[in-house]
Amino acid sequence: MAITGIKGFNDILPGEVEKWQHIEATARRVFELYGLSEIRIPILEKTELFCRSIGDATDIVEKEMYSFEDKGGNKVTMRPEGTASVMRAYVEHKMHALDPVARLYYMGPMFRYERPQKGRYRQFHQIGAEITGVAAPTVDAQVLTMLTHFFQELGLTEPSLQINSLGCPCCRPAYREALKKFLLDRIDKLCDDCKRRYETNPLRALDCKSAGCQEATQGAPSMLDHLCAECGDHFDKTRKHLELVGTPYSINQRMVRGLDYYTRTTFEMVTTMLGAQSAVAAGGRYDGLISSIGGPQIPGIGFAMGVERVALLLAEKDFSRRPDLFIAALGDEAHAEAFRLMSALQRLGFAVEIDYEGKSLKSQMRRADKFNSRFTLIIGGDELARGTAPLKNMDGGTQVEAALDAASIQAAMTGGA
Ligand code: HAM
């Protein structure tokens with residue numbers, strides 16, 4: 001029996017991969033406009049890194065990590081996200097010593113043992129961005145504007161931006177208590193997970209999908225009403241700067257993120273087009289994360305998008321590539337000439353196809369059709385003898401006689417023949 005892949009781990013095949021390349025190239029192009037540089041981080045990290053940064057009481061750390069002991073007895077984990085690793089690298093390489101401001105992006109596979117379904121996989125891919133060293137709300141607005149710009153460049157009208165503030169260690173504890181007090185009377189309605197998390201992470205009930213939790217949290221106090229003066233000011237200024245540059249957003253007071261490191265601004269890019277998996281990208285500020293993993297007290301903010309989810313939103317668009325030229329040849333000599341011309345034109349930067357086996361003209365034309373090339377050139381004995389061949393523009397239908405050398409064919413194709 002043939003061996004199959006592992007559930008939740010997908011192949012990305014030619015045809016689909018062109019869409020991924022387009023998403024990745026768009027991210028690089030847009031992010032670099034905002035001064036970000038790429039960082040490449042390892043897939044395996046010490047388990048402790050994620051326990052300390054994401055938080056022991058989160059679903060990711062409690063239930064979803066691919067952790068094991070390596071042959072040396074070290075506890076290691078396949079990264080479930082990128083932020084912790086990027087910040088570990090930032091601290092380890094003392095990137096803050098010269099300038100605390102680092103503007104970084106990354107892309108690659110992440111691993112979470114979740115129940116696979118459309119838009120949710122066990123190996124999935126993120127493109128993420130992180131900016132350290134700036135506490136000012138201008139950078140919150142900049143990061144959100146960059147993310148919005150990215151989706152606009154892809155030509156997507158979905159997803160839309162929702163923002164919230166989770167406060168800071170100064171104001172969140174009092175809010176937690178207020179929320180716990182509110183939920184205490186309604187605790188029977190909460191789902192088992194939220195009942196269990198009532199002590200460790202009561203905020204999760206606010207964005208829990210279960211009907212009971214939604215009912216129990218109707219009318220619950222809002223974090224935004226409990227922000228301290230500094231956090232309130234930060235949120236107002238973030239909004240003001242978003243408005244200044246016309247970045248559309250709405251406020252979602254129930255948004256709670258599944259990772260513990262967030263402070264102040266949090267956000268999600270949400271869509272209604274992917275069923276339960278509504279978040280296409282998500283992130284927020286994490287002013288205490290760098291110090292929690294042993295670095296200096298330096299603030300940070302960032303996001304990650306799920307590439308599979310972005311690709312699903314682009315499902316209707318065609319990213320297939322077209323070769324520039326298909327050369328059909330009749331007879332051994334013409335076939336050799338087609339091979340020579342193909343190689344010379346490829347070196348000039350054109351995508352060229354021939355039929356490797358020199359089949360019948362009919363079958364070669366079928367292949368030309370399948371490739372949907374912009375031009376076709378047909379070479380037989382007569383064409384070899386006279387040194388020219390008909391070059392047909394498959395879009396306009398026009399035809400010219402081109403000399404059988406790469407430079408002439410190049411001139412005929414770029415001259416609009
Ligand atoms: P996250 O919300 O856990 O945040 O994930 C970010 C995005 O990754 C999600 O919005 C979703 O699009 C995608 N994603 C997450 N899990 C899966 C999955 N199982 N299958 C497919 N896609 C998935 C973080 O990871 C933070 N590190 C984001 C961040 C960066 N915050 C600050 N900087």
Side-chain angles (χ1 to χ4, degrees), residues 1-7 9-26 28 107-109 121 123 125 307-308 311-312 314-417:
M1 210 165 65
I3 299 170
T4 57
I6 301 170
K7 193 174 170 200
F9 287 67
N10 299 317
D11 301 306
I12 300 135
L13 302 178
E16 176 69 2
V17 100
E18 289 76 10
K19 197 183 294 170
W20 283 57
Q21 290 169 342
H22 178 70
I23 295 168
E24 289 161 2
T26 305
R28 287 180 196 282
M107 39 186 81
Y121 311 100
Q123 173 175 315
H125 296 75
V307 181
E308 285 82 357
L312 282 167
L314 286 173
E316 300 303 311
K317 302 206 178 181
D318 182 12
F319 292 92
S320 53
R321 272 196 286 262
R322 281 180 85 182
D324 298 303
L325 175 66
F326 184 89
I327 310 176
L330 277 175
D332 289 349
E333 239 181 291
H335 193 245
E337 177 63 1
F339 188 74
R340 188 187 68 78
L341 282 171
M342 171 174 75
S343 177
L345 282 160
Q346 282 166 333
R347 281 164 199 279
L348 288 174
F350 292 90
V352 185
E353 296 284 349
I354 61 167
D355 179 74
Y356 293 115
E357 288 168 305
K359 293 192 194 114
S360 72
L361 184 62
K362 203 168 150 206
S363 107
Q364 291 189 48
M365 293 322 284
R366 263 204 307 273
R367 264 180 90 69
D369 251 11
K370 181 177 152 249
F371 281 121
N372 188 24
S373 61
R374 293 194 303 118
F375 289 89
T376 54
L377 184 76
I378 302 181
I379 311 176
D382 291 351
E383 285 75 18
L384 280 182
R386 63 173 193 266
T388 65
L391 176 75
K392 189 168 178 189
N393 181 331
M394 301 308 283
D395 293 336
T398 50
Q399 191 167 306
V400 293
E401 266 309 287
L404 291 180
D405 64 81
S408 304
I409 296 170
Q410 172 183 31
M413 289 199 295
T414 52

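Atom-to-atom distance recorded for Ser320:OG and Lys19:NZ is 10.5 Å, nearest 0.5 angstrom. Rounding to the nearest 0.5 angstrom, the gap separating the CD atom in Gln123 from the CD1 atom in Ile12 is 7.0 Å. The NE2 atom of His22 sits 11.5 Å away from atom CD of Glu24, with the distance rounded to the nearest 0.5 Å. Here Glu18 contributes atom CD and Leu13 contributes atom CG; the two are 10.0 Å apart, rounded to the nearest 0.5 Å. Atom OG1 of Thr376 is separated from atom CE of Met394 by 4.5 Å, given to the nearest 0.5 angstrom. To the nearest 0.5 Å, the span separating NZ on Lys7 from CG on Asn10 amounts to 12.0 Å.
At least one donor-acceptor pair under 3.5 Å links the side chain of Ser360 to the backbone N or O of Ser363. Checked by atom type and distance alone, the side chain of Asp405 pairs as donor or acceptor with a backbone atom of Ala407 at under 3.5 Å. Formation of a donor-acceptor pair under 3.5 Å by the Gln364 side chain with backbone atoms of Ala329 is found in this model. Using modelled atom types, one side-chain atom of Glu308 and one backbone atom of His125 make a donor-acceptor pair closer than 3.5 Å.
Residue Met342 is tested with Val352, Leu325, Leu377 for a side chain to side chain contact (heavy atoms under 4.5 Å, CB included); the sole match is Val352.
With a 4.5 Å cut-off on side-chain heavy atoms, Leu314 and Phe319 count as touching. Here the side chains of Gln21 and Arg321 are in contact, with some heavy-atom distance below 4.5 Å. Between Met413 and Leu348 there is no side-chain heavy-atom pair separated by less than 4.5 Å. Annotation: side chain of Val400 is not in contact with side chain of Phe375 (no heavy-atom distance under 4.5 Å). Looking at Leu341 and Ile379, their side chains come closer than 4.5 Å, going by heavy atoms from C-beta outward. The side-chain heavy atoms of Ser373 and Arg322, taken from C-beta on, include no pair separated by under 4.5 Å. Inter-residue side-chain proximity for Ile378 and Leu361 is flagged as met; some heavy-atom pair is nearer than 4.5 Å.
A pairwise comparison of heavy atoms in Ala406 and Leu345 identifies O-CD2, 3.6 Å as the closest pair. Annotation for Leu404 and Ala389: closest pair CD2-CB, 3.7 Å, computed over non-hydrogen atoms. Heavy-atom minimum distance, Arg386 versus Pro390: NH2-CD, 4.1 Å. The two residues Phe326 and Ala368 come nearest to each other via the heavy atoms CD2-CB, 3.5 Å. Between Ala328 and Met365 the shortest heavy-atom distance is CB-SD, 4.1 Å.
Identified under the side-chain hydrogen bond (donor to acceptor under 3.5 Å, both in side chains) test for residues 331-350, with sequence neighbours left out: Glu337-Arg340. Here salt bridge (charged side-chain N to carboxylate O under 4.0 Å, His left out) pairs that include residues 368-381, with residues two or more places apart or in two chains, are Asp324-Arg374.
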